[in-house]
**Student:** 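Got a structure here, written out as structure tokens. Questions coming.
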Amino acid sequence: MAEYIPSPRDWVREQVELYEKSGGTQGNTLRDTGLPVILVTHTGNKTGAIRKTPLMRVKDGARYVLVGSQGGAPSNPEWVYNLRANPNIELRDRTEVFAMKTHEVKDAAERARLWQLAVAAFAPYEDYRKKTAREIPVFVAEPVRQ
Ligand code: F42
């Protein structure tokens, strides 16, 4: 079994710990905003290690939209490269855990549609988009039949 390497960022690591330890009943919002957060477990593309990343919860029917905004930072978050290399993830939405497969959305019209959903769920995404020169990566996660 691959080793779990926690995030080097304290607030992210602590949120992951609380979210998992509570079985999804705590640590499931962005700080005290009340806005829901999901937990994505994925595989490091260089280390092969297990990585866990909290993201805002954006839904498109049964699918989830994963937005690589990283607060509008100039570079993509590392997890984007991990999903490009290995699209299989586990996604926790509060008390529910799903095996899912992701793909990056490149089609402009579909990206625009999903972006509207993302901004409706978390308005600051639009500020992040304006802040950075890069195109913010958008992934869709879909349930895998087991
Ligand atoms: N980030 C977002 O991009 N979008 C969101 O909607 C979002 C919401 C959110 C809500 C709550 C919360 O606590 C955090 C939230 N974040 C959101 C921040 C998010 O959880 C990540 O911390 C952020 O996106 C940065 O992702 P990152 O993958 O760059 O993480 C950094 C801190 C990290 O863990 N870096 C590791 C390190 O050691 O520096 C490397 C991790 C890694 O995946 N390494 C790869 C490997 O092989 O293991 C190699 C990667 C490579 O290609 O070099």
Side-chain angles (χ1 to χ4, degrees), residues 1-106 110-143:
M1 192 113 142
E3 177 197 4
Y4 166 47
I5 306 182
S7 172
R9 295 182 188 170
D10 288 349
W11 68 286
V12 173
R13 189 175 60 243
E14 284 161 14
Q15 174 147 34
V16 170
E17 278 172 16
L18 181 61
Y19 206 139
E20 289 202 316
K21 199 175 62 187
S22 68
T25 60
Q26 292 174 50
N28 54 18
T29 63
L30 178 67
R31 296 185 287 273
D32 56 0
T33 61
L35 295 172
V37 166
I38 56 165
L39 197 57
V40 174
T41 298
H42 51 104
T43 305
N45 73 92
K46 292 179 185 156
T47 58
I50 295 168
R51 300 284 188 177
K52 300 188 181 192
T53 303
L55 297 174
M56 300 316 293
R57 176 182 185 267
V58 181
K59 286 205 78 177
D60 178 30
R63 315 189 308 166
Y64 290 79
V65 184
L66 314 180
V67 181
S69 54
Q70 193 170 198
S75 54
N76 289 331
E78 305 283 359
W79 61 263
V80 162
Y81 303 102
N82 296 341
L83 296 196
R84 285 177 181 164
N86 183 351
N88 298 304
I89 63 166
E90 183 184 273
L91 188 150
R92 176 182 274 279
D93 181 0
R94 291 166 285 195
T95 57
E96 293 187 291
V97 180
F98 307 98
M100 292 198 147
K101 187 160 189 165
T102 60
H103 67 269
E104 189 168 1
V105 179
K106 295 290 192 180
E110 179 64 351
R111 258 186 69 87
R113 186 183 73 81
L114 297 172
W115 188 256
Q116 293 305 316
L117 296 177
V119 173
F122 187 59
Y125 280 144
E126 187 57 19
D127 304 326
Y128 301 162
R129 186 181 68 78
K130 290 181 183 145
K131 198 169 127 186
T132 182
R134 71 188 163 97
E135 181 172 81
I136 291 180
V138 172
F139 291 81
V140 162
E142 299 184 274

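Each ligand, and each atom within it, is numbered from 1 in the order the structure gives.
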**Student:** For atom 48 (O) of ligand 1, what's the nearest protein heavy atom and its distance?
**Tutor:**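 Closest protein heavy atom to atom 48 (O) of ligand 1: T47 OG1, 2.5 Å.
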**Student:** For atom 31 (C) of ligand 1, tell me which residue out of A85, P77, P8 has the closest non-hydrogen atom.
**Tutor:**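 Closest candidate by heavy-atom distance is P8.
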**Student:** Should you measure from each heavy atom of W11, which atoms of ligand 1 turn up under 4.0 Å away?
**Tutor:**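 It comes down to these atoms of ligand 1: 12 (C), 13 (O), 14 (C).
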**Student:** Give yes if a backbone or side-chain nitrogen or oxygen of P54 is under 3.5 Å from a nitrogen or oxygen of ligand 1, and no if not.
**Tutor:**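 Checking ligand 1 against P54, an N or O pair does fall under 3.5 Å apart.
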**Student:** Under 4.0 Å from any heavy atom of V67, which atoms of ligand 1 are there?
**Tutor:**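 Every atom of ligand 1 under 4.0 Å from some heavy atom of V67: 2 (C), 3 (O), 4 (N), 5 (C), 6 (O).
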**Student:** Can you tell me how far CZ of F139 sits from CZ of R84, rounded to the nearest 0.5 angstrom?
**Tutor:**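 Rounded to the nearest 0.5 Å, the CZ-CZ separation comes to 5.5 Å.
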**Student:** Nearest 0.5 angstrom please: Q116 CD to D60 CG, how far?
**Tutor:**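 That separation rounds to 12.5 Å.
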**Student:** Which option wins on minimum heavy-atom distance to atom 6 (O) of ligand 1: F122, Y128, Y125?
**Tutor:**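 Closest candidate by heavy-atom distance is Y125.
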**Student:** If you measure from each non-hydrogen atom of W79 to ligand 1, which part falls under 4.0 Å: side chain, backbone, both or neither?
**Tutor:**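 The answer is both.
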**Student:** Can you figure out which of N82, T53, N28, V37 has its heavy atom closest to atom 21 (C) of ligand 1?
**Tutor:**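 Answer by nearest heavy atom: T53.
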**Student:** Using heavy atoms and a 4.0 Å limit, tell me yes or no: is G68 in contact with ligand 1?
**Tutor:**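 A heavy atom of G68 does come that close to ligand 1.
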**Student:** List the atom of W11, the atom of L30, and the distance in Å for their closest heavy-atom pair.
**Tutor:**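 Distance-wise, the nearest heavy atoms are CZ3-CD1, 4.4 Å.
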**Student:** Using a 3.5 Å cut-off on N or O atoms only, is Q70 in polar contact with ligand 1?
**Tutor:**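 Yes - when backbone and side-chain N and O of Q70 are compared with those of ligand 1, one distance drops under 3.5 Å.
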**Student:** Does atom NZ (K59) have a neighbourhood of more than 12 heavy atoms from anything else shown, all under 6.0 Å?
**Tutor:**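 Buried by this count: over 12 neighbours within 6.0 Å.
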**Student:** Nearest protein heavy atom to atom 5 (C) of ligand 1, by residue and atom, and its distance?
**Tutor:**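 So the nearest neighbour among protein heavy atoms is L55 CD2, 3.5 Å.
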**Student:** Which pair of heavy atoms, one from L35 and one from A121, lies closest together, and at what distance?
**Tutor:**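 Distance-wise, the nearest heavy atoms are CD2-O, 4.0 Å.
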**Student:** Taking all atoms of both residues into account, what is the closest heavy-atom pair of G68 and R134, and its distance?
**Tutor:**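 Minimum heavy-atom separation between G68 and R134: O-NH1, 2.9 Å.
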**Student:** Atom 29 (O) of ligand 1: which protein heavy atom is closest, and how many Å away?
**Tutor:**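 For atom 29 (O) of ligand 1, the nearest protein heavy atom comes out as E78 N, 2.8 Å.
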**Student:** If you scan the protein for heavy atoms around atom 16 (N) of ligand 1, do you find one that is closer than 4.0 Å?
**Tutor:**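 When distances to the protein are checked, atom 16 (N) of ligand 1 has a heavy atom within 4.0 Å.
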**Student:** With atoms numbered from 1 as shown, which atoms in ligand 1 lie under 4.0 angstrom from a non-hydrogen atom of Q15?
**Tutor:**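 Listed by number with element: 11 (C), 12 (C), 13 (O).
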**Student:** Just distances here: any N/O of N45 and N/O of ligand 1 closer than 3.5 Å?
**Tutor:**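 Yes, N45 has an N/O under 3.5 Å of an N/O on ligand 1.
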**Student:** With under 30° as parallel and over 60° as perpendicular, where do the rings of W79 and H42 fit, or are they tilted in between?
**Tutor:**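 W79 and H42: perpendicular rings.
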**Student:** In Å, rounded to the nearest 0.5 Å, how long is the span from CG of D10 to CZ of R13?
**Tutor:**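 Result: 4.5 Å between the selected atoms.
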**Student:** Using a 4.0 Å heavy-atom threshold (strictly under), name the region of R51 that reaches ligand 1: side chain, backbone, both or neither.
**Tutor:**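 Only the side chain of R51 comes within reach of ligand 1.
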**Student:** State the atoms of ligand 1, each with its element, that fall below the 4.0 Å cut-off from a heavy-atom position in V12.
**Tutor:**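 Taking each heavy atom of V12 in turn, ligand 1 has 20 (O), 22 (O) under 4.0 Å.
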**Student:** Which of the atoms of ligand 1 are close to G44, meaning less than 4.0 Å from one of its heavy atoms?
**Tutor:**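 The atoms of ligand 1 under 4.0 Å from a heavy atom of G44 are 46 (C), 47 (O), 48 (O).
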**Student:** Any Lys/Arg nitrogen of E142 or R63 sitting under 4.0 Å from an Asp/Glu carboxylate oxygen of the other?
**Tutor:**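 Here E142 pairs with R63 in a salt bridge, since their nearest N and O are under 4.0 Å apart.
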**Student:** Looking at E78 and R51, does any basic side-chain N land under 4.0 Å from a carboxylate oxygen?
**Tutor:**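 Salt bridge between E78 and R51, a charged N being under 4.0 Å from a carboxylate O: no.
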**Student:** How does K46 reach ligand 1, by side chain, by backbone, by both or by neither, if only non-hydrogen atoms under 4.0 Å count?
**Tutor:**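 Contact part for K46 vs ligand 1: both backbone and side chain.
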**Student:** Using a heavy-atom cut-off of under 4.0 Å, does the side chain or the backbone of L30 touch ligand 1, or both, or neither?
**Tutor:**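 Answer for L30: side chain.
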**Student:** Give me the nearest non-hydrogen protein atom to atom 23 (C) of ligand 1 as residue plus atom name, then the distance to 0.1 Å.
**Tutor:**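 Nearest protein contact, heavy atoms only, for atom 23 (C) of ligand 1 is R9 NH1, 3.7 Å.
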**Student:** Give the C-alpha distance, both sets of side-chain angles, the deciding distance and a yes or no for side-chain contact (heavy atoms from CB on, under 4.5 Å) between V67 and F122.
**Tutor:** CA-CA 10 Å; V67 181; F122 187 59; over 6 Å; no
**Student:** Out of all atoms in ligand 1, which are within 4.0 Å of some heavy atom of Y81? Include the element for each.
**Tutor:**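 Counting from 1, the qualifying ligand atoms are 52 (O).
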**Student:** Hey, could you give me the OG1/CG distance between T41 and N88, rounded to the nearest 0.5 Å?
**Tutor:**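 One finds 12.5 Å between OG1 of T41 and CG of N88.
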**Student:** With a 4.0 Å cut-off, would you call R57 and E96 a salt bridge?
**Tutor:**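 No, no charged N to carboxylate O under 4.0 Å.
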